[in-house]
There are 2 protein chains.
Amino acid sequence: MTSVSTRRKRASRGSGEQLREEIIAATKDLLAESANSDAVSIRGVADAVGVTPPSIYLHFADKDALIEAVVADVFNELDAAMLAAAVGIERPMEVLCAYGLAYVQFAIEHPEHYRVATMERCPVEGQPGHLDMVLADAAFTHFMATVSACMDAGVFAKGDPLPVTLELWSAAHGVAALMIAKPFLPWGERLETANRVLRAAAIGRAVSDRLGGEMTAADVEDWLAAQRIGP
Amino acid sequence: MTSVSTRRKRASRGSGEQLREEIIAATKDLLAESANSDAVSIRGVADAVGVTPPSIYLHFADKDALIEAVVADVFNELDAAMLAAAVGIERPMEVLCAYGLAYVQFAIEHPEHYRVATMERCPVEGQPGHLDMVLADAAFTHFMATVSACMDAGVFAKGDPLPVTLELWSAAHGVAALMIAKPFLPWGERLETANRVLRAAAIGRAVSDRLGGEMTAADVEDWLAAQRIGP
DNA sequence: GCCGCTAAGTTATCGCCGGTAAGTTAGCGC
DNA sequence: GCGCTAACTTACCGGCGATAACTTAGCGGC
């Protein structure tokens, strides 16, 4: 009857919320060693917490809601990691790189959490809510503010920082996601590779701004072939 | 007893392989309208083909093997789309952009196929096999050959094309994967956005080659702020 | 003291899943 | 028409998400 982990004592009257936190923590732990969110089961979580499956549903409408709560938690952790990596740095471009590197490092260190947060299908019906959830997300706002600062510093062309933020985020996500999904590829020193990609994305964006958007690929090829050395 | 779809006639003696193709096709169809590979069931596939579930196991060891076969099929389609997009184009940089755009377009048009192929966890034990599977994959080799041609044309610094290919692929994957995972974000015209990202990645890589790898983020910021206009 | 009320759980069950063992049917060679 | 085997089916196992219905424990009121 009893599961591997000990049975949990019933929470005292006022504090049912305590179980909620335990459930989220246990789900995060189980997620860390699972292939995806389908691989962690309500039953497994319940067992880890020391409770029976239906008790989970007292705190979460369904499994998706539980996973969503974990994802929100993960994004907060990610933001904290980014902020910590940029503390004391002033120049916007350095902050941008620090953010990006911390982002990729977090993904590498918590691959399954990152996968669930950014690579699984979002419920389609939650469109407006999820849009706000990403754009209002702390990590995203901090990132976009830094892009804005880079514009002020003359690194990027002045304008709406949102599309630039999305583009740079794409680069960071690309390298992080591929390293997670195809870990056996010859990535070399992962953070160095990530750094190269991030820097190339930023430089490419900045140079594109200066070259103008109407250049064809052939024009770019000619221009690049003509550039032998830096300034 | 009878399912929605009609019962399939038993295949004639010599040709059991025909069912295999039908299974793959049906799985691809079901995958196209599912959240992930866990959401398509062996039972669903069997029903769509007009057969009972255990018959699937006559052709595939387990569900993973079936999904893997579908993924291989998808990668072949992807390669075909890339090749088709670059037919008649000669200049390597234009080919590179055409490949990248076709890649992202394929991902946008077949989001669930792309997700299963590139965003779900690979079986860990298959390391060497999967490494070859990606690196020897037709799309990847074609892409890397074009990177090599770009080096010969003086666009990128000459050297091993593999790391550059991985970096550019990361950029393409990043924008494709994010557009799929977060479709509600303000991407604007998706292919235009993808084009900007891809071009920025290529330019950034090329300019980075010329600037040298030892520049700090602050150096880059200074250099960029000093660059007012093109050549 | 004990009673109602409700928070905090449990037991039992449903239908679906991946997968397997064992049985059945149909067609070819002889 | 008989054996052989390819091409299936029926019946089943344990585990899953989810729900309905039941039980237990503690607090306020009298």
Side-chain angles (χ1 to χ4, degrees), chain A residues 1-24 26-27 30-31 33-70 116 120-121 123, chain B residues 1-24 26-27 30-31 33-70 116 120-121 123:
Chain A
M1 275 319 131
T2 58
S3 61
V4 176
S5 71
T6 59
R7 184 69 132 272
R8 182 173 172 278
K9 285 274 175 246
R10 179 195 277 249
S12 61
R13 182 81 172 194
S15 55
E17 288 301 299
Q18 158 190 352
L19 177 56
R20 187 190 153 92
E21 302 306 317
E22 289 182 39
I23 292 172
I24 292 182
T27 307
L30 289 178
L31 217 40
E33 51 201 32
S34 304
N36 56 55
S37 62
D38 289 294
V40 8
S41 65
I42 291 284
R43 287 166 148 86
V45 172
D47 187 70
V49 174
V51 100
T52 57
S55 297
I56 306 289
Y57 295 95
L58 297 175
H59 297 279
F60 301 94
D62 54 15
K63 190 176 172 177
D64 281 349
L66 169 57
I67 298 295
E68 202 168 319
V70 173
V116 170
E120 297 204 352
R121 168 124 108 180
Chain B
M1 275 320 133
T2 60
S3 61
V4 176
S5 71
T6 59
R7 183 70 131 274
R8 183 173 171 277
K9 285 274 176 245
R10 178 195 277 247
S12 61
R13 182 79 172 194
S15 55
E17 288 301 299
Q18 157 190 350
L19 177 57
R20 188 190 153 92
E21 302 306 317
E22 290 182 39
I23 291 172
I24 292 181
T27 307
L30 289 178
L31 217 40
E33 51 200 31
S34 304
N36 56 55
S37 62
D38 288 295
V40 7
S41 66
I42 292 282
R43 287 167 148 86
V45 171
D47 187 71
V49 174
V51 99
T52 56
S55 297
I56 307 288
Y57 295 95
L58 296 175
H59 297 277
F60 301 93
D62 54 15
K63 190 176 173 178
D64 280 349
L66 168 57
I67 298 296
E68 202 169 319
V70 172
V116 170
E120 299 203 350
R121 168 125 108 179

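Throughout, protein chains are lettered first and strands after them, A, B, ... in sequence-line order, and every chain is numbered starting at 1.
Out of D:dT19, D:dT9, C:dG9, the shortest distance to the side chain of A:Val51 is found at C:dG9. The nucleotide whose nearest atom lies closest to any side-chain atom of B:Ile42 is, among D:dC8, C:dT11, C:dG19, C:dG19. Listed nucleotides: D:dC12, C:dG9, D:dG17. Nearest to the side chain of A:Arg43: D:dG17. Of the candidates D:dT10, C:dT10, D:dC16, the closest approach to any side-chain atom of A:Ser55 belongs to C:dT10. Of all nucleotides listed (C:dT10, D:dA18, C:dT20), C:dT20 comes nearest to the side chain of B:Pro54.
Each of B:Thr52 and A:Pro53 was assigned the nucleotide of DNA chain D with the nearest heavy atom; the assignment lying further toward the 5' end belongs to B:Thr52.
Partners of A:Arg43 according to the side-chain contact (heavy atoms from CB on, under 4.5 Å) rule, which considers only residues two or more places apart in sequence or in another chain, are A:Ser41, A:Pro53. For B:Ser37, the side chain to side chain donor-acceptor pair (under 3.5 Å) test picks out B:Glu120, with sequence neighbours left out. Residues that satisfy the side chain to side chain donor-acceptor pair (under 3.5 Å) test with B:Glu22, not counting sequence neighbours, are B:Arg8, B:Gln18. Residues forming a side-chain contact (heavy atoms from CB on, under 4.5 Å) with B:Tyr57 (at least two apart in sequence, or on another chain): B:Ile42. Partners of B:Pro54 according to the side-chain contact (heavy atoms from CB on, under 4.5 Å) rule, which considers only residues two or more places apart in sequence or in another chain, are B:Thr52. Under the rule for a side-chain contact (heavy atoms from CB on, under 4.5 Å), B:Arg10 has no partner lying at least two apart in sequence or in another chain.
Backbone-only contact: A:Ser41 has heavy atoms under 4.0 Å from sugar-phosphate atoms and none from a base. At the heavy-atom level, B:Asp38 lies nowhere under 4.0 Å from the strands shown.
Side-chain contact between A:Val70 and A:Val116 is absent, with no heavy atoms from C-beta onward closer than 4.5 Å.
Annotation: the terminal axes of the helix from C:dG1-D:dC30 to C:dC30-D:dG1 meet at 10°, where each axis is the rotation carrying the C1' atoms of four end pairs onto the next four (5 pairs per end, rounded to 10°).
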Exercise. List the protein contact pattern of nucleotides 24-29 of chain C with one symbol per nucleotide (5' to 3'): B for base contact, S for sugar-phosphate-only contact, - for none; contact means a heavy-atom distance under 4.0 Å.
Key: -BBB--
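Atom NZ in A:Lys63 sits roughly 4 Å away from atom P in D:dG17 (whole-Å rounding).
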